[in-house]
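Report on one structure; see the data block that follows.
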Amino acid sequence: MVISNKPLRFIIATLVACLPLISFANPVQDSVKVETEVAHEASQEAHAEPTDVKSKIKEFINHHLLDAHDFTISANEETGEHYGFSLPIILWDNGLQVFSSSKFHHGEEVAESNGNYYVLHHEKIYKTDANGTLTEGEHGHPTNVTPLDLSITKSVVGILGIAFLMFFLFRGLAKSYAKNNGIASGAGRFFEPLVLYVRDEIAIPNIGEKNYKKYMSYLLTIFFFVFFLNILGLTPLGFNVTGNIAITASLALLTYLITTFSANKNYWGHIFWMPGVPTPMKFILAPIELLGTIIKPFSLMIRLYANILAGHVVLMSIIGLMFIFKSWIGSTLSFGLAFALSILEILVAFLQAYIFTMLSALYFGAGNEEHHHDEAHH
């Protein structure tokens with residue numbers, strides 16, 4: 001049976017838009033079943049088990065936003081069974097400590113490694129004793145030692161998966177050019193217009209035809225990396241990689257380092273000794289301009305992190321309203337709103353990848369701007 005393209009595209013678009021509505025990953029794990037020495041009664045209340053629907057939804061959203069040390073697809077609250085797989089725990093604590101996250105039993109038991117004991121508390125690993133005692137401070141946060149955590153977490157799995165996907169996707173696209181005399185084929189053909197768009201509409205206009213080629217590999221990588229991770233965050237697998245400030249900070253740092261180390265002398269001349277400005281003003285403007293080189297990547301980091309994080313929180317809150325209303329009118333309205341927001345989130349996923357790439361290209365272009373001769377005569 002032949003299916004025409006338009007209905008097929010509509011079905012695919014509808015399925016993609018509905019994916020965030022089926023969020024069953026990152027279930028609320030009982031990671032507080034450890035013996036705690038509480039300093040204040042208030043903190044004891046803060047760790048009480050959520051009983052009402054609103055508290056459970058809030059707890060679910062908070063766990064969804066956190067990274068995880070295991071990959072849990074679903075969980076049965078009644079039987080306590082979790083469906084998924086464990087991930088390797090790698091700690092530096094008086095030497096390398098490597099063991100499986102299954103030892104934590106989803107945060108319910110104390111893990112032992114080479115005579116050291118650890119507990120998993122709100123997806124953070126603390127060193128403890130054999131009983132798993134956590135000592136809490138004034139604000140209810142554990143004061144136990146936290147070893148250096150180098151574990152392969154759920155976000156790392158997502159990053160590695162996207163990296164492999166991009167490698168095989170674009171490797172196939174590159175090979176198809178050689179085989180078909182410059183004509184793309186296979187799955188990579190779908191992304192060829194985006195590659196050309198990044199080159200013709202982002203790189204060349206902002207960096208210039210003379211220098212854009214040396215930045216193309218980074219710009220294409222950052223665009224598709226952010227785009228694929230944003231889309232991955234809309235699937236029911238419960239990833240929240242670009243909503244993690246450590247990830248966006250790392251990406252912004254890369255842009256900053258490339259801008260700093262590839263900029264020409266004119267760029268630094270405009271920062272430390274701005275032409276056409278009275279000499280006393282140059283001493284005032286120099287530290288401001290230098291601070292601006294740090295603020296620019298900082299804004300990159302915050303923009304991507306805040307937009308993706310806010311999108312996840314709003315979408316999951318609207319989905320949670322269906323369980324609060326428990327009426328066909330309220331639930332239907334919540335479902336319709338969540339569906340519309342899901343479509344908007346797909347647009348945001350693309351838009352944020354575009355903005356990150358565009359601003360990176362702008363910074364690279366500023367770093368390679370040629371000296372204007374007429375400026376030298378003023």
Side-chain angles (χ1 to χ4, degrees), residues 16-29 31 50 54-69 71-72 121-124 141 149 151 153-162 222-256 295-323 334 337-360:
V16 171
C18 286
L19 281 178
L21 305 179
I22 318 168
S23 182
F24 47 73
N26 276 11
V28 179
Q29 296 176 358
S31 58
K54 288 184 182 177
S55 300
K56 284 185 177 179
I57 291 172
K58 186 179 177 183
E59 186 81 2
F60 185 89
I61 294 173
N62 289 336
H63 275 266
H64 169 78
L65 298 178
L66 291 174
D67 200 359
H69 285 81
F71 201 113
T72 302
H121 185 70
H122 293 301
E123 295 303 336
K124 197 168 182 180
H141 300 297
D149 191 352
S151 304
T153 62
K154 188 174 182 178
S155 292
V156 175
V157 171
I159 290 171
L160 292 175
I162 292 300
I222 204 75
F223 176 81
F224 285 105
F225 186 69
V226 173
F227 177 63
F228 286 147
L229 283 175
N230 288 345
I231 293 295
L232 185 66
L234 297 177
T235 65
L237 296 174
F239 284 99
N240 180 35
V241 182
T242 44
N244 185 328
I245 199 165
I247 304 298
T248 58
S250 302
L251 297 177
L253 181 64
L254 281 175
T255 295
Y256 174 75
I295 292 174
K296 287 172 184 173
F298 184 79
S299 68
L300 271 182
M301 172 189 74
I302 293 296
R303 185 181 290 106
L304 179 59
Y305 162 73
N307 278 283
I308 299 301
L309 185 74
H312 282 232
V313 171
V314 172
L315 182 58
M316 298 199 72
S317 299
I318 293 174
I319 294 173
L321 288 177
M322 286 189 278
F323 300 94
S334 300
L337 189 59
F339 180 76
L341 191 63
S342 299
I343 296 174
L344 190 64
E345 280 293 298
I346 296 172
L347 177 64
V348 170
F350 175 82
L351 197 62
Q352 288 305 316
Y354 166 77
I355 291 172
F356 200 101
T357 310
M358 170 66 85
L359 290 177
S360 296

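Because the structure is a prediction, the values reported are computed rather than measured.
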Could you walk me through whether V156 and L160 pass the side-chain contact (heavy atoms from CB on, under 4.5 Å) test, one step at a time?
CA-CA 6 Å; V156 175; L160 292 175; 4.1 Å; yes
Check side chain to side chain contact (heavy atoms under 4.5 Å, CB included) between L337 and all other residues, then give those that pass, not counting sequence neighbours.
I318
Between G158 and L232, what is the shortest heavy-atom contact and its length?
CA-CD2, 4.1 Å
side-chain contact (heavy atoms from CB on, under 4.5 Å) partner of N240, chosen from I308, L66, L229
I308
Geometric cation-pi criterion, K154 with F239: 6.0 Å, 45°:
yes
Test side-chain contact (heavy atoms from CB on, under 4.5 Å) on I245 and M301; report intermediate values, then the result.
CA-CA 7 Å; I245 199 165; M301 172 189 74; 4.2 Å; yes
In Å, rounded to the nearest 0.5 Å, how long is the span from OG1 of T357 to CG of L359?
9.0 Å
F339 and I343: CA distance, side-chain angles, deciding distance, side-chain contact (heavy atoms from CB on, under 4.5 Å) verdict
CA-CA 7 Å; F339 180 76; I343 296 174; 3.6 Å; yes
Qualifying residues under side-chain hydrogen bond (donor to acceptor under 3.5 Å, both in side chains), relative to T248, sequence neighbours excluded:
none
Nearest heavy-atom contact between T255 and S360 is OG1-OG, 3.1 Å
Could you state the interatomic distance from OG1 (T153) to CZ (F71), rounded to the nearest 0.5 Å?
11.0 Å
Give me the atom names and distance for the closest heavy-atom approach of A252 to P297.
CB-O, 3.2 Å
Working to the nearest 0.5 Å, report the span between OH of Y354 and CZ of F223.
9.5 Å
Could you check whether any side-chain heavy atom of N244 comes within less than 4.5 Å of a side-chain heavy atom of V241, counting everything from C-beta outward?
no
To the nearest 0.5 Å, tell me how far H312 NE2 sits from S317 OG.
12.0 Å
Inter-residue atom distance L234.CG - S342.OG, 0.5 Å rounding
7.5 Å
L251 side, atom CG; L300 side, atom CG - distance, nearest 0.5 Å:
9.5 Å
Under a 4.5 Å cut-off applied to non-hydrogen side-chain atoms, are F298 and I302 in contact?
yes
Kindly indicate whether the side chain of I159, heavy atoms from C-beta on, has any atom under 4.5 Å from the side chain of F225.
yes
Derivation of the side-chain contact (heavy atoms from CB on, under 4.5 Å) call for N230 and Q352
CA-CA 9 Å; N230 288 345; Q352 288 305 316; 4.0 Å; yes
